[in-house]
Amino acid sequence: MSAMATHVITGAGAGIGAAVARRLLARGDDLVLLARDAGRAKELAGEFAGARTLVGDLAEPDRLSWAFSHQSLPERVDSLLHIAGVVDLGPVGDLTTRTWRHQLEVNLIAPAELTRLFLPQLRVARGHVVFVNSGAGLSASAEWGAYAASKHGVKALADALRQEEHAAGVRVTSVYPGRTATAMQEKVHRQEGKTYDAARWIDPDSVATTILTALDLPRDAHVTDLTVRPGH
Ligand SMILES: NC(=O)c1ccc[n+]([C@@H]2O[C@H](COP(=O)([O-])OP(=O)(O)OC[C@H]3O[C@@H](n4cnc5c(N)ncnc54)[C@H](OP(=O)(O)O)[C@@H]3O)[C@@H](O)[C@H]2O)c1
């Protein structure tokens with residue numbers, strides 16, 4: 001990828017997304033960070049000096065197009081990094097439509113809509129779309145139904161998009177991390193009733209390294225899928 005590439009990133013405020021944003025900013029790339037609201041955008045602009053922000057709530061994908069029509073969008077997008085996500089565990093017997101819908105909106109429909117909105121810029125740049133998926137996107141365990149369904153859905157989105165955009169030179173990568181030491185994983189442990197020990201899980205910076213490896217490969221190579229598991 002050329003110097004001064006422009007990356008649109010969701011989820012840069014925490015966890016894996018923050019690790020990716022720090023690494024890209026440190027090497028001088030241009031960042032456009034999606035924030036859920038204006039207050040969060042201000043915090044992100046303070047945290048990542050020189051980054052631009054875009055306001056859009058991923059829990060309301062129907063409104064993203066309207067929200068962006070009132071903001072200036074980057075003219076060039078070399079990569080669109082879908083990293084934001086939400087999780088809520090529970091058995092199918094207890095999960096409400098509200099819980100189902102929230103995970104499907106944030107984890108699946110919003111990435112689809114964001115991809116649609118940025119595809120013209122991605123095609124011009126022969127850019128790269130990265131979906132941070134999950135082991136739960138490949139197999140579903142008890143109590144993970146809604147989250148796993150959203151992640152299985154985003155696998156389908158990525159696989160279809162890869163075939164559709166191949167001729168346009170747009171690359172599509174899915175990354176499937178195992179348990180990673182972030183606030184999301186702390187919540188999962190609370191919901192599982194387990195004690196959380198960050199040292200047991202993948203460092204978010206290692207997931208960032210994986211994502212950057214896929215992004216930085218020369219054009220002769222296209223990493224389609226990467227599974228990353230805890231090493232100990
Ligand atoms: N941690 C794991 O064990 C693990 C394993 C496999 C896959 N993953 C996946 O990795 C990705 C990143 O997870 P993480 O562990 O880094 O999570 P995290 O620390 O909880 O961070 C999630 C990020 O998503 C953003 N976000 C959530 N809802 C949003 C909304 N409605 N609008 C805009 N932004 C929203 C959050 O914004 P705020 O900062 O404003 O809250 C935050 O920046 C997710 O897709 C997750 O499913 C995580």
Side-chain angles (χ1 to χ4, degrees), residues 1-12 16-34 51-52 54 56 58 61 64 68 73-85 107-135 137-138 150-178 180 202 204-229:
M1 187 162 293
S2 59
M4 293 297 286
T6 300
H7 309 276
V8 175
I9 310 178
T10 72
I16 296 168
V20 169
R22 276 195 297 272
R23 296 275 291 276
L24 292 172
L25 192 71
R27 72 189 204 185
D29 286 1
D30 285 332
L31 304 188
V32 179
L33 308 179
L34 183 111
R52 282 175 283 171
L54 204 50
L58 300 178
L64 286 171
F68 289 177
L73 297 184
E75 274 167 28
R76 183 187 173 87
V77 177
D78 296 279
S79 87
L80 172 57
L81 309 179
H82 297 287
I83 310 181
N107 295 351
L108 173 58
I109 300 178
E113 177 66 349
L114 274 184
T115 301
R116 183 180 76 85
L117 295 172
F118 283 112
L119 257 182
Q121 292 96 315
L122 284 160
R123 288 176 182 142
V124 168
R126 295 169 63 79
H128 203 142
V129 183
V130 176
F131 294 93
V132 174
N133 201 303
S134 164
L138 299 170
S150 72
K151 292 298 194 178
H152 276 67
V154 90
K155 175 188 187 294
L157 162 61
D159 291 347
L161 181 71
R162 184 178 305 112
Q163 292 186 31
E164 290 163 8
E165 297 302 322
H166 177 75
V170 174
R171 295 190 285 184
V172 179
T173 301
S174 291
V175 177
Y176 299 89
T180 303
I202 309 170
D205 208 47
S206 298
V207 181
T209 301
T210 308
I211 293 168
L212 264 58
T213 300
L215 271 185
D216 289 342
L217 277 177
R219 294 218 63 89
D220 60 290
H222 180 168
V223 171
T224 58
D225 302 276
L226 274 166
T227 294
V228 192
R229 300 230 172 93

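Because the structure is a prediction, the values reported are computed rather than measured. Side chains included, hydrogens not; waters and symmetry mates left out as well; all remaining heavy atoms used.
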**OP:** Name all pairs fulfilling the side chain to side chain donor-acceptor pair (under 3.5 Å) condition that reach into residues 220-229, sequence neighbours left out, sorted by first residue then second.
**Re:** none
Residues in side-chain hydrogen bond (donor to acceptor under 3.5 Å, both in side chains) contact with [X], at least two apart in sequence or another chain:
| X | result |
| --- | --- |
| Glu165 | Arg123 |
| Arg23 | Asp205, Thr209 |
| Arg162 | Asp159 |
| Ser150 | Asn107 |

Nearest 0.5 angstrom please: [X] [atom1] to [Y] [atom2], how far?
| X | Y | atom1 | atom2 | value |
| --- | --- | --- | --- | --- |
| Thr115 | Leu122 | OG1 | CG | 8.0 Å |
| Tyr176 | Asn133 | OH | CG | 4.5 Å |
| His82 | Leu58 | NE2 | CG | 9.5 Å |
| Leu114 | Leu81 | CG | CG | 11.5 Å |
| Ile83 | Leu34 | CD1 | CG | 11.5 Å |
| Arg76 | Met4 | CZ | CE | 11.0 Å |

**OP:** Apply side-chain contact (heavy atoms from CB on, under 4.5 Å) to Leu161 and Leu119, showing your working.
**Re:** CA-CA 10 Å; Leu161 181 71; Leu119 257 182; 4.2 Å; yes
Original post:
Do the side chain of Asp29 and the main chain of Thr6 share a donor and acceptor less than 3.5 angstrom apart?
Top reply: no
Subject >> Whether Ser79 side chain and Val77 backbone form a donor-acceptor pair below 3.5 Å >> reply: no
Is the shortest side-chain heavy-atom distance between [X] and [Y] below 4.5 Å?
| X | Y | value |
| --- | --- | --- |
| Val130 | Leu80 | no |
| Val8 | Leu73 | no |
| His152 | Leu157 | no |
| Val170 | Val129 | yes |
| Leu226 | Ser174 | no |

For [X] against [Y], the heavy-atom pair lying closest together:
| X | Y | result |
| --- | --- | --- |
| Gly56 | Phe68 | CA-CE2, 4.5 Å |
| Gln121 | Pro74 | NE2-O, 3.4 Å |
| Val172 | Ala158 | CG1-O, 3.5 Å |
| Thr10 | Ala84 | OG1-N, 3.0 Å |
| Ala214 | Val223 | CB-CB, 4.3 Å |

Partners meeting side chain to side chain contact (heavy atoms under 4.5 Å, CB included) with [X] (sequence neighbours left out):
| X | answer |
| --- | --- |
| Ile109 | Pro61, Glu105 |
| Arg219 | Arg126, Arg171 |
| Leu31 | His7, Ile9, Ala21, Leu24, Leu25, Leu33, Ala51 |
| Val228 | Val175, Ile202, Thr210 |

